[in-house]
There are 2 protein chains.
Amino acid sequence: MSAAFPQRRKPTLDTVAAEAGVSRATVSRVINGSPRVSPEVKDAVSSAIDRLGYVPNRAARSLVMRRTDSIALVMREPDATVLADPYLGNIIIATSQTLVGTGVQLVLVNARNDAEHARLADYVRSGHVDGVLLASMHGDDPLPGLLLDAGIPTVVGGRPQRHLPGLTYVDVDNVGGAQLAAEHLLAGGRRRIATIAGPQDMTAGSDRLGGYRRALASAGRKADRVVYGDFTRESGEQAMAALLARHPDLDGVFAANDLMAVGALRALRAAGRAVPTDVAVVGYDDIELARHTEPPLTTIHQPIIDQARTMTELLLTQIGGDPVADPVVLPTELVARESA
Amino acid sequence: MSAAFPQRRKPTLDTVAAEAGVSRATVSRVINGSPRVSPEVKDAVSSAIDRLGYVPNRAARSLVMRRTDSIALVMREPDATVLADPYLGNIIIATSQTLVGTGVQLVLVNARNDAEHARLADYVRSGHVDGVLLASMHGDDPLPGLLLDAGIPTVVGGRPQRHLPGLTYVDVDNVGGAQLAAEHLLAGGRRRIATIAGPQDMTAGSDRLGGYRRALASAGRKADRVVYGDFTRESGEQAMAALLARHPDLDGVFAANDLMAVGALRALRAAGRAVPTDVAVVGYDDIELARHTEPPLTTIHQPIIDQARTMTELLLTQIGGDPVADPVVLPTELVARESA
DNA sequence: GTCCTCCGTGAGAGCGCTCTCATCGATGGG
DNA sequence: CCCATCGATGAGAGCGCTCTCACGGAGGAC
């Protein structure tokens with residue numbers, strides 16, 4: 001608003017110091033809110049800053065501070081999956097919103113394969129970010145360990161396959177959520193229940209199957225009707241068809257994610273089974289799509305926004321010097337619609 | 001892989017120079033690929049770098065280079081909208097993927113209101129990024145102008161309301177897409193067509209209405225059946241109900257986005273009209289949801305990935321010193337499913 | 001009145017890098 | 001045989017900032 005001439009040479013601390021008639025050190029004190037500056041000098045400096053339109057140079061600051069006031073959000077995901085599933089988009093946006101007002105910037109890093117992992121490690125070590133948020137790790141990804149060894153504050157989204165002491169994570173309660181889903185089916189009077197499970201090399205996949213089994217066990221039933229999919233709609237459709245062939249009498253299905261549930265709905269329709277009359281279906285994730293299916297899908301809602309916020313907050317305190325916090329597991333809840 | 005001790009003090013240029021027995025300047029030359037270094041020295045330096053696990057400090061480099069090798073992606077959007085619509089997520093991910101391998105980093109900036117705009121301008125002027133990508137601008141946002149004045153390379157996504165000379169944008173062809181949609185309805189034999197238009201203070205809204213009108217005019221028909229929504233599903237549902245009440249005889253509808261089309265589908269079902277038999281519906285955006293509606297939605301596909309890629313490429317060349325390129329408008333295409 | 005404390009301020013070093021300029025040895029033309 | 005030329009290398013300044021330390025003056029204790 002008050003920059004005298006748009007394109008004159010950018011003012012530096014010295015420029016401001018000269019304008020205000022004080023030393024560079026004093027200007028720095030004013031900018032950083034040091035209490036040891038007299039009110040008059042402070043005002044003089046502030047007005048000089050306004051007059052010149054001075055903005056501190058972040059590179060210079062981070063060079064001497066060895067801090068960058070920015071964190072990286074690393075996504076590790078093959079392209080197609082990323083785009084079909086709004087999960088990552090939500091994580092990204094929620095993270096960025098949590099950061100608003102903290103003065104910390106979000107750097108997005110795409111590490112799709114191992115080659116890019118090497119780059120990434122270098123990048124982080126070059127001191128360009130103060131900490132790292134890891135989204136959607138697969139299997140036994142080496143990245144968390146690498147970062148931990150390098151002493152970079154790191155928070156993982158989702159429980160890592162292998163627990164590393166000193167590495168915090170924020171997970172949503174997959175076990176509890178799946179349990180909720182199965183209990184809902186049971187409470188609805190369904191007795192011949194099956195599940196379309198996710199890949200077992202992902203914790204989301206194995207935990208959800210575990211929760212499902214636990215619920216059935218508590219009710220004194222065997223959980224022996226299991227077919228596996230890979231979290232895509234197509235796999236859900238095939239799995240449902242296989243389930244129907246193998247257990248024609250089933251009356252309830254829990255799909256480990258909504259996309260597979262959508263596929264199941266389609267297979268059920270093709271087989272002439274009415275939902276939920278003949279077969280009740282419960283999904284998992286509560287994606288936008290779930291409220292628009294025919295019938296609308298009963299599913300498990302995950303607090304993605306909370307997850308992103310919690311991850312960010314844990315990372316910031318850790319960067320601030322606090323000891324590494326304990327892992328956090330956020331509760332999930334069932335959203336009852338019409339499919340079960 | 002080869003860092004001797006994980007946590008020794010980070011090596012600097014001087015460390016490497018000492019290790020290799022050369023001067024700091026020579027090491028710098030090797031790192032930056034200068035041709036004026038003898039092969040033997042080059043090898044000696046490279047191996048010293050490997051041995052020490054040296055990684056250049058970006059802050060120091062950008063301090064002297066006045067370049068940061070990173071760009072900002074600024075999103076301007078109220079929270080709710082962002083999360084419901086995967087558009088931004090796609091733009092973000094596509095941008096980040098375009099940047100892979102260029103050595104340029106992506107910084108995400110959330111400027112939700114005017115207060116945050118001021119911060120943003122400061123942030124950009126503090127030299128933390130070399131250029132700015134503006135996503136989803138509304139109305140006559142002052143931000144593009146601010147950045148243009150500040151001399152920051154900037155590329156806008158979508159056509160800005162007010163054209164600023166010297167500001168490039170990359171748009172998808174909203175006019176052409178809407179025209180395609182209307183022509184598809186006409187080609188299908190529909191004669192009593194209406195449209196659910198979007199907000200007219202957004203170019204996507206007004207351009208799509210324009211394209212629709214143009215198609216009808218070419219066919220020698222009046223485009224007088226227009227109701228406005230705000231791009232939400234609810235508004236689409238209400239708009240469709242209003243349209244039905246006002247023009248009970250209509251046989252085709254073009255909704256300016258898929259969410260409103262989904263609402264329209266619901267209103268149509270509630271009114272007992274069969275789609276596409278009684279009324280044909282065409283949407284716009286080709287969101288994931290569109291392929292799962294009942295019936296699957298015929299819609300206009302936008303090359304979002306291309307848009308993000310093009311924006312990024314234009315920005316990079318501009319940062320590289322090329323003159324500001326002309327705006328680019330990318331073609332859209334009709335995806336025929338079952339609703340029309 | 002003297003000494004000590006404490007507060008506000010300035011001087012200056014140094015963060016890790018790039019780049020200009022100087023240097024030095026080798027090469028070649030006259 | 002000397003000097004201009006050129007290519008490889010080193011010395012050193014400086015990017016804009018923070019922070020330590022020193023300093024001068026005011027105020028309080030004795």
Side-chain angles (χ1 to χ4, degrees), chain A residues 8-46 48-49 52-70 103 122-130, chain B residues 8-46 48-49 52-70 103 122-130:
Chain A
R8 207 186 291 211
R9 190 169 183 74
K10 257 200 202 158
T12 73
L13 259 200
D14 281 301
T15 326
V16 177
E19 174 83 13
V22 297
S23 75
R24 195 174 59 229
T26 299
V27 178
S28 177
R29 287 191 187 95
V30 171
I31 290 172
N32 295 299
S34 159
R36 340 189 129 278
V37 183
S38 68
E40 313 86 63
V41 173
K42 190 172 195 162
D43 288 350
V45 171
S46 300
I49 288 176
L52 296 168
Y54 168 76
V55 181
N57 178 312
R58 286 177 79 113
R61 175 177 288 175
S62 69
L63 177 57
V64 47
M65 301 288 282
R66 285 119 191 284
R67 265 195 312 112
T68 59
D69 286 326
S70 58
D122 279 356
Y123 174 69
V124 169
R125 291 179 43 234
S126 80
H128 206 225
V129 295
D130 299 336
Chain B
R8 207 186 290 213
R9 191 172 182 72
K10 255 199 204 159
T12 71
L13 257 200
D14 281 301
T15 323
V16 177
E19 173 81 13
V22 297
S23 76
R24 197 173 56 230
T26 301
V27 178
S28 177
R29 286 189 188 99
V30 172
I31 291 173
N32 296 300
S34 158
R36 338 191 128 277
V37 183
S38 68
E40 311 86 64
V41 172
K42 190 173 195 163
D43 287 348
V45 170
S46 299
I49 288 176
L52 296 168
Y54 168 76
V55 182
N57 178 312
R58 286 177 78 113
R61 177 177 289 175
S62 70
L63 177 57
V64 46
M65 300 287 285
R66 289 118 191 284
R67 267 195 310 113
T68 60
D69 287 327
S70 58
D122 279 357
Y123 175 70
V124 170
R125 289 181 42 233
S126 80
H128 206 224
V129 294
D130 299 336

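Letters A, B, ... are given to chains in the order of the sequence lines, protein chains preceding strands, and every chain is numbered from 1. These numbers come from the heavy atoms of this one structure, side chains and all, not from hydrogens, waters or symmetry mates.
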Rounded to the Å, how far apart are [X] [atom1] and [N] [atom2]?
X     : N      : atom1 : atom2 : result
A:I31 : D:dC19 : CD1   : P     : 12 Å
B:K42 : D:dG7  : NZ    : P     : 16 Å
A:D14 : D:dG14 : CG    : C1'   : 12 Å
B:E40 : D:dG7  : CD    : C1'   : 13 Å
B:R36 : C:dC19 : CZ    : C1'   : 13 Å
B:N57 : C:dC17 : CG    : C1'   : 8 Å
A:M65 : D:dT20 : CE    : P     : 10 Å
A:R24 : C:dG8  : CZ    : P     : 21 Å

Check every atom of [options] against the side chain of [X] and return the nucleotide holding the closest atom.
X     : options                : result
B:V37 : C:dG10, C:dT9, D:dT9   : D:dT9
A:V64 : D:dT18, C:dG12, C:dC19 : D:dT18
B:Y54 : D:dG7, C:dC17, D:dG10  : C:dC17
A:P56 : C:dA11, D:dC17, D:dG12 : D:dC17

N/O donor-acceptor pair, side chain B:R29 with base D:dG10, under 3.5 angstrom: yes
Salt bridge flag under 4.0 Å for residues A:D14 and A:R24: yes
Do any side-chain nitrogens or oxygens of [X] fall under 4.0 Å of OP1 or OP2 in [N]?
X     : N      : answer
B:R66 : D:dG16 : yes
B:N32 : C:dT18 : yes
A:S28 : D:dC17 : no
B:S38 : D:dT9  : yes

Evaluate the side-chain proximity of [Y] to [X]: yes if any heavy-atom separation is below 4.5 Å, no if none is.
X     : Y     : result
B:E40 : B:D43 : no
B:I31 : B:R61 : yes
B:T12 : B:T15 : yes

First encountered from the 5' end of DNA chain C, between A:S23 and B:L63: A:S23
Distance (rounded to the nearest 0.5 Å) between A:R29 CZ and A:S23 OG: 6.5 Å
First of B:A60 and B:V22 reached from the 5' end of DNA chain D, by closest nucleotide: B:V22
